[in-house]
Amino acid sequence: MSFRGILIEQEVVKGKVLNHRAELRDLPESILGTEGARSSNAVGSLSSSGNTGAAFSGSTGAAENPGMAGNERPVDIDVLYSGVNYKDGLAVGGKPGVARTSPLIPGIDLVGRVRNTDNDRFASGELVVLTGGGIGESFHGGLAERARVPADYLMPVPDGLSASQAAAIGTAGFTAMLSVLTLEREGVAPETGPVIVMGAAGGVGSIAVAVLAQLGYEVTALSGRVESQSEYLRSLGATHVIDRQQMAEPGPPLGPGASIPWALKSSSMCLLRPATGEP
């Protein structure tokens, strides 16, 4: 039984991609293997001769995935949604260091229904979500109709959320919420003062702006696209929207007792401390 999916095939020697191909194709179920898919014998793998004349091979053996080693009961998923994240774009485009095995189905998150499993935590037909955990990098991810994933990283979709809503939140929403939780762990509260969200118009940044505003924070959105995104960012709850160029030049020395807002650097989920400006 075959299924459709994006497959990346590449040969990397000393950090340099010598051969790269990414395409939508029909894939045999054997590519998922007994524990996922990663092997030089998997479908469409590249030869590993280490020279620029390396060519794509076409063997069809079953695969084994070290990224899922130790997990005896993986879960088969009928994938409903998978976001196209920045990292997925890099992987499909052949950026070295993202796809850590070949062949590889990209997609670092997915939402779907359990097809079958021997794992007691999940039932057939249950709606589940997975973000991260190495899928789309070290073993097959969500940009296909089928997936086989480690149960350790899989979570049921909470009641009240549809599959499409869970997918819309995706990796960006997960990252944004981790950032907000970090602020709270550091003792930052709405009464502490304003919070600056860098990269505010991006996926992570926009969700961070919305969440912080809903929690009662005064949010300043920092963006390089003020003219086109200002109205959008204010609709999410930003009190102020400023051009990132305003932060590019050093400002005047701060006087005694000056207040510096906390900054949430959404692109790398980095919290900048107001006392030092350092992570």
Side-chain angles (χ1 to χ4, degrees), residues 1-10 21-45 56 58-85 87-89 91-92 98-157 161-171:
M1 182 178 178
S2 64
F3 60 94
R4 296 283 278 172
I6 295 175
L7 193 70
I8 296 172
E9 304 163 294
Q10 61 182 206
R21 182 170 67 192
E23 60 183 356
L24 180 65
R25 56 194 289 189
D26 292 317
L27 302 172
E29 189 167 356
S30 62
I31 196 172
L32 298 178
T34 56
E35 293 186 350
R38 180 183 177 182
S39 172
S40 60
N41 294 321
V43 173
S45 63
F56 293 100
S59 56
T60 57
E64 181 180 345
N65 182 1
M68 294 178 66
N71 190 312
E72 298 178 354
R73 294 181 294 174
V75 181
D76 282 0
I77 306 294
D78 285 323
V79 179
L80 300 174
Y81 297 96
S82 180
V84 181
N85 294 279
K87 187 176 288 186
D88 300 321
V92 170
V98 181
R100 301 175 185 175
T101 184
S102 179
L104 175 73
I105 297 172
I108 64 172
D109 59 30
L110 63 84
V111 176
R113 293 196 179 275
V114 174
R115 185 182 182 92
N116 57 66
T117 181
D118 293 329
N119 193 292
D120 296 335
R121 289 177 51 208
F122 301 99
S124 179
E126 185 173 3
L127 190 62
V128 291
V129 58
L130 193 159
T131 297
I135 67 168
E137 297 177 81
S138 298
F139 53 94
H140 290 327
L143 289 173
E145 294 175 326
R146 292 276 311 281
R148 179 167 292 145
V149 300
D152 293 347
Y153 300 110
L154 203 59
M155 295 294 293
V157 172
L161 279 183
S162 67
S164 60
Q165 288 171 329
I169 294 169
T171 299

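This structure is a prediction, so every number in the text was calculated from the model and none was measured. Residues: numbered from 1 along the sequence shown.
Of all the heavy atoms in A151 and R121, the pair that sits closest is O-NH1, 2.8 Å. Nearest heavy atoms, A123 versus V114: O-CB, 3.3 Å. Nearest heavy atom pair, residue H140 against residue P103, reads CE1-O, 3.5 Å. Contact between E137 and L104 at its shortest, heavy atoms only, is O-CD2, 3.7 Å. Across Q10 and A99, no two heavy atoms sit closer than the pair OE1-O, 3.5 Å. Of all heavy-atom pairs spanning D76 and R146, the tightest one is OD2-NH2, 3.6 Å.
Between V129 and I169, the closest side-chain pair of non-hydrogen atoms is not below 4.5 Å. Two residues are said to be in side-chain contact when any heavy atoms from C-beta on lie closer than 4.5 Å; I31 and F3 meet this criterion. Using a 4.5 Å cut-off on side-chain heavy atoms (C-beta onward), V75 and V128 make no contact. Contact annotation: the side chain of I105 approaches that of L7 to within less than 4.5 Å [non-hydrogen atoms, C-beta and beyond]. Using a 4.5 Å heavy-atom threshold, the side chains of L127 and L161 count as separate.
Here L110 contributes atom CG and L80 contributes atom CG; the two are 9.5 Å apart, rounded to the nearest 0.5 Å. For the atom pair CD1 (I77) and CD (E126), the distance works out to 9.0 Å, reported to the nearest 0.5 Å. Between I6 atom CD1 and S82 atom OG the span is 8.5 Å, to the nearest 0.5 Å. With values rounded to the nearest 0.5 angstrom, R25 atom CZ is found 11.5 Å from S2 atom OG.
Not counting sequence neighbours, the partners of S164 by the side chain to side chain donor-acceptor pair (under 3.5 Å) test are S162. For R4, the salt bridge (charged side-chain N to carboxylate O under 4.0 Å, His left out) partners at least two apart in sequence or on another chain are D26.
Sorted by first and then second residue, the side chain to side chain donor-acceptor pair (under 3.5 Å) pairs with a member in residues 106-116 read D78-R115, N85-D109, D109-T171; sequence neighbours excluded.
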